[in-house]
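Some notes on the structure that comes next.
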Amino acid sequence: MTDFYIDPALYHGSPADLSGRTEAECRTYALLDELQIPFDRVDHDPAATIAMCECVDERLGTKICKNLFLCNRQKTQFYLLLLRGSKVFHTKDLSKQLGCSRLSFASGEDMERYLGLTPGSASVLGLMNDTEGKVQLVIDKGVAQQELWGCHPCINTASLRLAGKDILEKFLPAVNHSPIFVDLPEDEE
């Protein structure tokens with residue numbers, strides 16, 4: 001990953017200069033500020049994979065969670081699953097816990113339609129764009145128990161470190177989303 005640039009600075013809060021930032025990123029910072037949710041920020045090249053995010057993890061001092069956008073076969077139910085980046089995901093395990101069948105990855109078009117996000121930028125913070133409540137948030141126990149959460153601010157050129165408690169108790173109620181908690185098994189080796 002020698003070509004992957006990460007700003008050496010760890011910033012606290014919103015950027016002072018928002019020029020060059022996307023509208024979605026700016027709205028994310030504005031909402032976090034409005035909700036009085038403190039956060040630290042690292043700017044970097046686009047981080048579209050967990051491997052790239054692992055480089056950012058070191059600078060942030062916490063792990064960026066894996067965000068998977070899923071749907072049922074009929075595309076009538078959509079889910080945003082948060083789990084630790086190191087955890088291997090098996091659809092059958094989640095389907096069983098949710099009581100639904102045939103979960104698969106949703107399309108980039110659906111992610112953009114419902115969360116206002118592009119592939120590689122999936123984030124719990126994108127739920128602010130789901131004003132009609134079409135996406136069900138699902139959080140694996142491993143993420144729910146973390147004191148600090150790492151996520152993108154609706155764009156994968158920055159990463160944030162926030163208190164999990166602030167996401168659960170301030171952000172999610174403000175955007176009218178309630179999570180379902182699951183306990184996905186660790187991969188057997």
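Everything quoted here is computed from the prediction, not taken from an experiment.
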**Complete:** Taken in chain and number order and not counting sequence neighbours, the residues that satisfy salt bridge (Lys or Arg N to Asp or Glu O under 4.0 Å) with Arg59 are none
**Item:** Main-chain N/O of Cys65 paired with Asn67 side-chain donor or acceptor, under 3.5 Å
**Value:** yes
**Prompt:** Got a second to check how far Glu169's CD is from Leu35's CG, nearest 0.5 Å?
**Reply:** 13.0 Å
Side-chain donor-acceptor contacts of residues 178-185 below 3.5 Å, not counting sequence neighbours, with atom names and distances?
{"residue": "Asp183", "atom": "OD2", "partner": "Lys141", "partner atom": "NZ", "Å": "3.4"}

**Prompt:** Quick one: does Phe89's side chain get under 4.5 Å of Leu103's, heavy atoms only?
**Reply:** no
**Asked** Are any non-hydrogen side-chain atoms of Thr118 and Glu112 less than 4.5 angstrom apart?
**Response** yes
**Ile167-Leu80 co-clustered via ILVMFWY side chain contacts under 4.5 Å** = yes
**His152 to Ala122 - nearest heavy-atom pair and separation** = CD2-O, 4.2 Å
**Request:** Can you see which heavy atom on Ile64 is nearest to which on Ser159, and at what distance?
**Result:** CD1-OG, 3.4 Å
**Asked** Nearest 0.5 Å, what's the CE-CG distance between Met128 and Asn176?
**Response** 14.0 Å
**Asked** How far apart are the closest heavy atoms of Ala144 and Ile139, and which atoms are they?
**Response** N-CG2, 3.8 Å
**For Gly126 against Leu117, the heavy-atom pair lying closest together** = CA-CD1, 3.9 Å
**Message:** To the nearest 0.5 Å, what is the distance between SG on Cys100 and CG on Asn72?
**Reply:** 7.0 Å
**Item:** Smallest separation among heavy atoms of Asn156 and Gly120, with atom names
**Value:** CB-O, 3.2 Å
**Message:** What's the separation between atom NZ in Lys92 and atom CZ in Arg102, rounded to the nearest 0.5 Å?
**Reply:** 15.5 Å
**Message:** Take a 6.0 Å sphere around CD of Glu147 and say whether it holds more than 12 heavy atoms from other residues, nucleotides or ligands.
**Reply:** no
**Request:** Could you tell me whether a side-chain N or O of Thr62 sits under 3.5 Å from a main-chain N or O of Arg161, the two making a donor and an acceptor?
**Result:** no
**Fill in**
Residue pairs meeting ring pair (Phe, Tyr, Trp, His ring centres under 6.0 Å), one or both in residues 22-51, sequence neighbours left out, come to Phe4-His44, Tyr29-Phe39
**Message:** Give me the atom names and distance for the closest heavy-atom approach of Arg84 to Gln146.
**Reply:** CG-OE1, 3.5 Å
**Message:** Going by ring pair (Phe, Tyr, Trp, His ring centres under 6.0 Å), name the residues that satisfy it together with Tyr79, two or more places apart in sequence or in a different chain.
**Reply:** none
**Partners meeting ring pair (Phe, Tyr, Trp, His ring centres under 6.0 Å) with Phe171 (sequence neighbours left out)** = none
**Message:** In the structure I gave you, are the side-chain heavy atoms of Cys71 and Ser104 within less than 4.5 Å of one another anywhere?
**Reply:** yes
**Message:** Pair Asp140, Lys66 - check salt bridge (charged side-chain N to carboxylate O under 4.0 Å, His left out), show working.
**Reply:** CA-CA 10 Å; Asp140 185 51; Lys66 190 184 298 185; over 6 Å; no
**Asked** Is Leu81 reachable from Leu125 through a run of hydrophobic residues whose side-chain heavy atoms are each under 4.5 Å from the next?
**Response** no
**Message:** Quick check: is Leu83 connected to Leu137 through a chain of hydrophobic side chains (ILVMFWY, heavy atoms under 4.5 Å apart)?
**Reply:** no
**Prompt:** Is it the case that one hydrophobic cluster holds both Ile155 and Leu68, taking links as side-chain heavy atoms less than 4.5 Å apart, direct or via other members?
**Reply:** no
**Prompt:** When you look at Leu70 and Phe105, which way does the side-chain contact (heavy atoms from CB on, under 4.5 Å) test go after all the steps?
**Reply:** CA-CA 4 Å; Leu70 308 164; Phe105 291 97; 3.7 Å; yes
**Prompt:** Is the side chain of Ser121 donor-acceptor paired with the backbone N or O of Cys154 at a distance under 3.5 Å, no angle test?
**Reply:** no
**Request:** Say whether, by atom type as modelled, one donor and one acceptor occur between the side chain of Asp7 and the main chain of Asp43 under 3.5 angstrom.
**Result:** no
**Request:** For residues Leu162 and Asp166, determine if any side-chain heavy atom of one lies less than 4.5 Å from a side-chain heavy atom of the other.
**Result:** no
**Request:** Determine yes or no for a side-chain-to-main-chain donor-acceptor pair under 3.5 angstrom, with Arg41 supplying the side chain and Gly13 the backbone.
**Result:** yes
**Message:** Considering only residues two or more places apart or on different chains, which pairs with a residue in residues 122-139 satisfy side chain to side chain donor-acceptor pair (under 3.5 Å)?
**Reply:** Arg27-Asn129, Asp130-His177
